[in-house]
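Okay, so here's the structure we're looking at.
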Amino acid sequence: MNFFPDFLTQLPGATELGLIYAVSALGVYLTFRILDFPDLTVDGSFTTGAAAGAVMVSQGVPPWISLVVAFAAGAVAGSVTGLLHTKGKINGLLASIIVMIALYSINLHIMDNKANLPLLLVDTVFTPLEAQGLLRNSWMGSLILGLWVLLLCAVLVAFLHTRAGLSLRSTGDNEQMAGSFRVSTDGQKIIGLSLSNGMVAVSGALMAQYNGAADVTSGIGLIVIGLASVIVGQALFGQRHVWQAVVAAAAGAVIYRWVLQLAMAVGLPPQDLKLASAVLVVAALLLPRLSFIKQLRNNRAQRRREEALAGTIDVPTEQPAVAVAHGAEAKESDRA
């Protein structure tokens, strides 16, 4: 247990990294859960955001403006994937792979053909926090980043309840039915992919400014990180409601970093972290399929059905309309 003090010491820093990756997790959630689209563009758009953001701040552009530029760059990458899939009729997975490969060269051009772009002595979005000693292994820094991520979650949840958000969700749930209601499913896919990759690019820009450098290989394996965050978070916290699923995806990114930090604390070599990430995703996918987990979920679902049924049934002497009214009142009291 000698590793435990080291793990606790590094936990605030792991939380900060997890909260930055949470922005990527929310982007992956949009494509993986909402659109049901296998998008590998994120491996390239993460680096695109890092490169664009790093170049902007290194040239004296205000850090917050660099995040807007990063979002725009990622959104363009996502829209290209969407156009290849919807207008070019290319398989979605293949279209995202094509764009991901193309982005490697584009990212090098953005960084002036440099594999690494340092941000030494450059003001970033984290500079004010660092000046106050509120970042780098500080729980106060984690709290500030956590509040920012919660605000982003609230904005995303609000968007998914708008008319545009409902159209996006219906496209992912049942594309044919959405089309029958005159929803432009092609347009919704392009919008969803643009928003997803824009958020991933912002995460890349934040990570570059946090680490003090942008690297052309920083996005490799980002899809695994995003999937691990979404799957682990929703396996632990559920996804019954939209707000629950969104917050779970963000929380999953933090838990993911905690698990990796624990693995390093017990002696896992850094070169094996990608392997550990893949194992974590496989475990999170297989765990809900275990028989005793299925039984627990079935029991819980049965209990909910019984409670709902009990709320709509009253004594037999009452008229049906009265019983239904009493059941409605019981439901309202349960919600209160």
Side-chain angles (χ1 to χ4, degrees), residues 18-19 21-39 146-147 149-178 181 183 188 192 195-196 199 225-259 280-313 324 327-336:
L19 289 168
Y21 276 121
V23 183
S24 290
L26 294 176
V28 173
Y29 165 76
L30 275 179
T31 51
F32 181 62
R33 290 298 191 197
I34 298 297
L35 276 180
D36 192 23
F37 188 97
D39 183 28
L147 292 174
V149 171
L150 282 177
L151 177 61
L152 181 60
C153 288
V155 172
L156 181 58
V157 170
F159 166 74
L160 291 175
H161 282 89
T162 63
R163 186 180 183 88
L166 291 172
S167 298
L168 189 68
R169 292 160 60 186
S170 65
T171 300
D173 288 338
N174 192 322
E175 184 176 348
Q176 288 73 24
M177 182 173 289
F181 284 100
V183 173
Q188 292 303 315
L195 290 176
S196 171
M199 294 172 67
I225 297 175
L227 289 176
S229 302
V230 173
I231 294 170
V232 171
Q234 294 182 353
L236 291 176
F237 304 108
Q239 52 178 326
R240 194 175 181 189
H241 307 285
V242 173
W243 68 265
Q244 188 179 14
V246 170
V247 174
V254 177
I255 295 173
Y256 167 82
R257 290 305 309 182
W258 285 355
V259 172
L280 182 60
V281 172
V282 172
L285 287 172
L286 294 181
L287 187 61
R289 301 183 183 182
L290 297 179
S291 58
F292 73 95
I293 297 293
K294 285 184 177 180
Q295 187 61 41
L296 288 175
R297 295 172 67 179
N298 290 337
N299 291 342
R300 184 166 54 184
Q302 180 64 26
R303 190 163 54 249
R304 286 173 180 165
R305 285 194 294 268
E306 292 174 354
E307 291 174 354
L309 184 61
T312 58
I313 297 178
V324 173
E329 291 175 1
K331 287 182 178 180
E332 290 299 328
S333 63
D334 290 342
R335 292 193 189 100

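Quick caveat: nothing in here was measured; it's all calculated off a predicted structure. Note: hydrogens, waters and symmetry copies are ignored here, and every other heavy atom, side chains too, is used. Numbers for residues simply follow the sequence, beginning at 1.
- Contact record, Y21 with A253: C-CB, 4.0 Å, taken as the closest heavy-atom pair.
- Residues G192 and L35 approach most closely at CA-CD1, 3.8 Å, considering heavy atoms.
- The shortest heavy-atom contact between A22 and V149 is CB-CG1, 4.1 Å.
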(request) Mind running side chain to side chain contact (heavy atoms under 4.5 Å, CB included) on L227 and F32 for me, showing each step along the way? (result) CA-CA 8 Å; L227 289 176; F32 181 62; 3.6 Å; yes
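- Taken to the nearest 0.5 Å, the CG atom of D173 stands 9.0 Å off from the CG atom of D36.
- Between M199 and V23, the shortest heavy-atom contact is O-CG1, 3.3 Å.
- Scanning all heavy atoms of the two residues, the minimum distance from L160 to R169 falls at O-NH1, 2.9 Å.
- The residue from V155, L26, I34 that alone fulfils the side-chain contact (heavy atoms from CB on, under 4.5 Å) condition with V246 is L26.
- From I231, atom CD1 reaches atom OH of Y29 across 13.5 Å, with rounding to the nearest 0.5 Å.
- Taking all atoms of both residues into account, the shortest heavy-atom contact from Q239 to A245 is CB-CB, 3.7 Å.
- Note that CG of L152 and CG of L147 are 12.5 Å apart. Values are rounded to the nearest 0.5 Å.
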(request) Dump the intermediate steps for side chain to side chain contact (heavy atoms under 4.5 Å, CB included) on L156 and L30, then the final yes or no. (result) CA-CA 10 Å; L156 181 58; L30 275 179; 4.0 Å; yes
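- Taken from CZ in R257 to CD1 in I225, the straight-line distance is 7.0 Å, to the nearest 0.5 Å.
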